[in-house]
Amino acid sequence: MASLCRVFATSILASVLSQVLTANGQPAFGVCYGMLGDNLPTPAAAIQLYKNHNIGTLQLYDPNPEALQALGNSGISVILGTKNEDLPNLASSVEAAKSWIDAHVLPYQGVNIKYIAVGNEVIPGESAQCVLPAMQNLQSALSGSSFSSVATTTAVSGTVLGGSYPPSSGAFTDDAKRALSGILQFLSDTHAPLLINVYPYFAYAANPTNIRLDYALFTAPGPVVRDGDLSYWNLLDAMVDAYYAAMERENFPNVGVAISESGWPSAGNGNFTTPQLALTYNRNFMKKIVAGTGTPKRPDSHLDGNIFAMFNEDLKSAGVEQNFGLFYPDGTPVYPIFS
């Protein structure tokens with residue numbers, strides 16, 4: 001749309017979820033808070049809904065002051081995004097980055113910010129070369145402050161991959177490599193993950209003839225894809241391992257990933273998008289994250305992950321983009337994921 005946002009699927013999973021933490025004590029699972037709607041609840045009401053359902057982490061796409069105020073002393077872990085249009089200014093100097101931190105971070109001492117996501121899906125693209133200097137400047141601006149432990153990173157989509165099947169063939173496109181080589185070195189040095197937006201739905205909807213629905217939904221009864229010695233029971237694992245392979249190809253085997261966005265729309269594309277399909281995918285995705293399992297390539301590397309998104313957003317493009325929410329704008333569930 002890092003160790004990140006959290007929700008859950010059933011009442012049993014809900015009781016377990018509140019006790020599942022990452023190695024550093026932060027919740028591993030969360031929900032993205034998109035705000036592209038003209039009928040959404042107030043930020044205070046939205047944050048209260050997170051609290052009501054014990055959602056441990058939230059991804060915010062820009063530093064909305066009302067949301068940040070409501071998040072104060074909430075215990076919710078936050079991935080704070082910059083606006084994509086702010087990247088050139090943030091890349092211009094440490095002073096510009098410090099002004100951003102002074103305005104959008106330091107006033108909110110009670111907010112548990114884990115990562116600053118510097119740009120969302122801007123690589124490859126005309127702003128791609130701004131991402132690394134913006135990350136570096138913001139990290140410098142954080143140094144010495146009460147938020148010095150906050151790491152900067154960025155979120156990418158599958159467009160950075162030129163190859164992804166089988167997963168071991170994962171490779172970045174030439175355009176993506178130009179921006180990512182320095183970013184991966186930076187993440188290697190700071191031990192922060194690359195944020196990846198991973199949507200099996202889009203892969204399945206684009207190629208239902210060759211991609212099985214049960215493989216996309218985590219419901220396959222056995223391995224569907226074999227890649228050398230590795231067996232894949234679900235598409236999400238295969239997509240994540242393609243990123244690992246691509247980073248290893250660039251000599252960065254020590255950089256991890258966190259799933260900043262994943263989800264399944266409940267409407268907008270006929271039989272590909274029903275509430276039941278969305279419930280099945282999101283419930284199984286949440287179970288995987290909460291269980292702490294890795295992927296076939298990195299079974300011991302726990303994945304943090306976020307569901308996109310908290311609400312259906314009516315100002316997004318018509319169709320599936322308006323229907324990723326777990327809740328309607330009035331706060332009622334789109335499907336019974338918490339019951």
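Worth saying up front: this structure is predicted, and the values here are computed from it rather than measured.
- V160 and P124 make their closest contact through CG1-CD, 4.2 Å (heavy atoms, listed as atom of the first residue, atom of the second, distance).
- Checked by atom type, the side-chain pair Q276/T280 shows a donor-acceptor distance below 3.5 Å.
- For the residue pair N269/Y201, the side-chain donor-acceptor check at 3.5 Å is satisfied.
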What's the verdict on side chain to side chain donor-acceptor pair (under 3.5 Å) for D241 and T295, showing C-alpha distance, side-chain angles and the deciding distance?
CA-CA 7 Å; D241 275 354; T295 65; 2.5 Å; yes
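- The structure places CZ of F311 at 5.0 Å from CG of L49, a figure rounded to the nearest 0.5 Å.
- I113 contributes atom CD1, which lies 11.0 Å from atom NE2 of H104 (distance to the nearest 0.5 angstrom).
- The two residues P63 and W100 come nearest to each other via the heavy atoms CG-CZ2, 3.8 Å.
- Within 6.0 Å of NZ in K83 there are 12 or fewer heavy atoms belonging to other residues, nucleotides or ligands.
- Geometrically, R298 engages Y244 in a cation-pi contact defined by less than 6.0 Å to the ring centre and at most 45° from the axis.
- Residues D227 and S168 bring a donor and an acceptor atom of their side chains to less than 3.5 Å of each other.
- Looking at I101 and L106, their side chains come closer than 4.5 Å, going by heavy atoms from C-beta outward.
- At a threshold of 4.5 Å between non-hydrogen side-chain atoms, the residues M247 and V257 count as touching.
- When atom types are taken as modelled, the side chain of T42 and the backbone of A45 share a donor-acceptor pair closer than 3.5 angstrom.
- G268 and T273 make their closest contact through N-OG1, 3.4 Å (heavy atoms, listed as atom of the first residue, atom of the second, distance).
- Crowding of F252 atom CZ: a count of heavy atoms from other residues, nucleotides or ligands under 6.0 Å exceeding 12.
- A distance of 6.0 Å or more separates the ring centres of F147 and Y108.
- If you check the side chains of N306 and S260, you find no donor sitting under 3.5 Å from an acceptor.
- Side-chain contact of T173 with D175: a donor-acceptor pair under 3.5 Å is absent, judged by distance alone.
- The nearest pair of heavy atoms linking A220 to R212 is CB-NH2, 4.1 Å.
- With rounding to the nearest 0.5 Å, the separation of CG in L326 from CE in M286 is 7.0 Å.
- Environment of CD in Q48: crowded, with over 12 heavy atoms of neighbouring residues, nucleotides or ligands closer than 6.0 Å.
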Derivation and outcome, side chain to side chain donor-acceptor pair (under 3.5 Å), residues Y335 and N282:
CA-CA 11 Å; Y335 39 84; N282 285 332; 2.7 Å; yes
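- Between the CD atom of Q322 and the CG atom of L36 there is a distance of 10.5 Å, given to the nearest 0.5 Å.
- Of all heavy-atom pairs between C130 and P88, the closest is SG-CA, 3.9 Å.
- Exactly one of L138, D62, T154 qualifies for a side-chain contact (heavy atoms from CB on, under 4.5 Å) with T82. That residue is L138.
- The environment of CG in D38 is crowded: more than 12 heavy-atom neighbours from other residues, nucleotides or ligands sit within 6.0 Å.
- Under the ring-ring contact (aromatic ring centres under 6.0 Å, His included) rule, W264 has a single partner from Y281, F202, F308, which is Y281.
- No donor-acceptor pair closer than 3.5 Å links the side chain of R226 to the backbone N or O of Y232.
- In this structure, V255 and A192 approach most closely via the heavy-atom pair CG1-O, 4.3 Å.
- For the residue pair S146 and Q109, a side-chain donor N or O sits within less than 3.5 Å of a side-chain acceptor on the partner.
- N210 and N207 share a donor-acceptor pair across their side chains, judged by distance under 3.5 Å alone.
- Salt bridge annotation for K288-D237: present, with a cationic side-chain nitrogen under 4.0 angstrom from a carboxylate oxygen.
- Between the N284 side chain and the L217 main chain, a donor and an acceptor come within less than 3.5 Å of each other.
- With salt bridges taken as basic N to acidic carboxylate O contacts below 4.0 Å, none links R178 and D174.
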